[in-house]
There are 2 protein chains.
Amino acid sequence: MVNDPAPTEERILEAAKKVFHARGYAGARMQEIADEAGVNKALLHYYYRNKESLFHAVFEDAFSKLLVKMKEIFFSDRPLTEKVEQFVQYYVTFISNNSYLPLFVLNSLYERPEQFRALLERNTLSPLSILETIRQQVKSELNLDIDPLHLYINILSLSIFPVIAKPMIQNIFGYSDEHLDAFYAERRHTVPQFILNALKGYGIHQSK
Amino acid sequence: MVNDPAPTEERILEAAKKVFHARGYAGARMQEIADEAGVNKALLHYYYRNKESLFHAVFEDAFSKLLVKMKEIFFSDRPLTEKVEQFVQYYVTFISNNSYLPLFVLNSLYERPEQFRALLERNTLSPLSILETIRQQVKSELNLDIDPLHLYINILSLSIFPVIAKPMIQNIFGYSDEHLDAFYAERRHTVPQFILNALKGYGIHQSK
DNA sequence: GTCTATATCGGGATAGAC
DNA sequence: GTCTATCCCGATATAGAC
């Protein structure tokens with residue numbers, strides 16, 4: 001049934017996501033996670049051995065959420081220009097609805113890279129081959145003098161950074177949440193336009 | 001003299017920067033800061049009342065470092081295209097040499113926005129007027145159909161994100177530190193080229 | 001101004017009853 | 001599986017000698 005109350009283990013994981021995403025590893029409190037899940041602290045240790053392994057589950061979930069759609073889009077058989085449009089539209093929306101995810105992942109990788117070697121190695125092949133896919137399409141479809149790695153990182157930057165910089169933009173420009181959401185909605189088309197315009201520029205003018 | 005041993009208060013602040021930048025507020029330990037500064041824990045409280053106010057000093061320093069050069073460049077009387085080039089070149093270099101700064105500032109704003117209201121208000125005017133400067137130059141020099149806020153955020157995204165994503169890029173592509181540094185060095189010219197190419201594209205093709 | 005010693009508290013983890 | 005009670009360490013902060 002749709003409305004089964006979530007089983008305890010799952011409720012704990014959901015609560016842990018919320019708290020870890022908002023506070024990071026060191027800032028998160030097992031007590032707060034327990035309260036959020038509506039259970040006792042001891043239960044967290046029953047299901048997840050300790051804070052570290054609970055965190056690990058949360059990170060794995062976040063990281064794969066960020067990767068899975070990226071792969072799906074870039075491994076489709078659309079032309080590169082369509083992929084760019086699709087990717088930006090999907091990612092800006094998804095991330096602004098889950099605005100803690102990317103910063104959480106970045107911080108985790110800074111603070112505990114060793115922790116995730118195994119996980120990353122399991123996933124390593126795909127981003128590399130995303131890059132290879134882009135390389136081929138740049139050559140075959142566009143025939144432009146642009147480094148595919150720079151292009152790839154540019155696409156990610158333009159999609160992700162404005163969302164993780166949300167509190168900064170909000171504070172500096174005094175934007176309300178609604179303002180910001182409208183801004184992100186605009187970006188779903190201004191960013192692909194910006195990128196495709198740039199690509200056009202490479203066609204006309206070779207790199208110096 | 002150049003080689004005066006730094007006075008205690010300053011040594012503490014420097015140590016605090018190092019530790020807070022690397023570990024964030026919750027992850028930082030007063031003991032580690034004391035060790036790093038070569039003094040006793042109690043001295044931290046003598047100079048800075050508590051952890052919170054020490055952190056505040058560190059944040060203020062980081063935040064202003066990120067703003068001051070931005071203002072300097074955007075308030076000069078160069079043409080916009082030159083400003084873009086100057087800004088990217090300066091910022092990519094500066095940030096990759098101080099790679100903890102931007103993430104530290106972003107995290108601080110997420111975790112404790114109320115903490116910095118006053119500080120932000122003191123600085124608020126400038127980024128707004130940076131935006132106004134860009135708006136005028138887009139109109140008078142380029143006469144393009146591009147929203148200056150989007151352009152501004154794009155410039156920041158392309159300059160800052162690749163640096164804060166360093167551990168992710170490094171893990172995913174297996175890049176060494178030297179590899180990455182070379183990549184950032186390339187970006188000092190590929191990014192301005194990308195942006196200027198995009199601007200050229202707006203001239204040719206009106207927004208749909 | 002700088003140190004040692006200590007108070008105090010909070011948080012992760014475990015024992016054990018139900 | 002879930003709870004209460006408790007252990008125990010580590011961390012901020014302060015007292016007070018030098």
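The analysis underlying the following values was restricted to heavy atoms, covering all of them including side chains, and did not include hydrogens, waters or symmetry mates. A, B, ... follow the sequence lines: proteins, then strands. Residue 1 opens every chain.
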Does a salt bridge link A:R23 with A:E32, judged by any charged N lying under 4.0 Å from a carboxylate O?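 Salt bridge between A:R23 and A:E32, a charged N being under 4.0 Å from a carboxylate O: yes.
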
field: Salt bridge flag under 4.0 Å for residues A:K83 and A:E141
entry: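 Between A:E141 and A:K83 there is no salt bridge, as every charged N stays at least 4.0 Å from the carboxylate O atoms.
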
Which nucleotide in the list [options] gets nearest to the side chain of [X]?
| X | options | answer |
| --- | --- | --- |
| A:Y47 | D:dT2, C:dC3, C:dG12 | D:dT2 |
| B:K51 | D:dT2, D:dA13, C:dC3 | D:dA13 |
| A:H45 | C:dT2, C:dG12, D:dT2 | C:dG12 |
| B:A42 | D:dA15, D:dT4, D:dG1 | D:dA15 |

ring-ring contact (aromatic ring centres under 6.0 Å, His included) between B:Y100 and B:F104, intermediate numbers included: CA-CA 6 Å; B:Y100 289 118; B:F104 170 73; 9.4 Å; no

Q) With sugar-phosphate meaning primed atoms plus P, OP1 and OP2, does B:A28 contact a base, only sugar-phosphate, or nothing at under 4.0 Å between heavy atoms? A)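 The answer is sugar-phosphate, as B:A28 gets under 4.0 Å only of primed atoms, P, OP1 or OP2.
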
Item to check | From A:I160 atom CD1 to B:M168 atom CE, the distance as rounded to the nearest 0.5 Å | outcome: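 Here the rounded value is 7.5 Å.
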
Whole-Å distance separating the [atom1] atom of [X] from the [atom2] atom of [N]:
| X | N | atom1 | atom2 | answer |
| --- | --- | --- | --- | --- |
| B:Y48 | D:dT12 | OH | C1' | 18 Å |
| A:N50 | D:dC9 | CG | C1' | 16 Å |
| B:K41 | C:dT2 | NZ | P | 18 Å |
| B:R29 | C:dG11 | CZ | P | 11 Å |
| A:N40 | C:dA17 | CG | P | 17 Å |
| B:Q31 | D:dA13 | CD | P | 14 Å |
| B:I33 | D:dT12 | CD1 | C1' | 11 Å |
| A:F20 | C:dG11 | CZ | C1' | 13 Å |

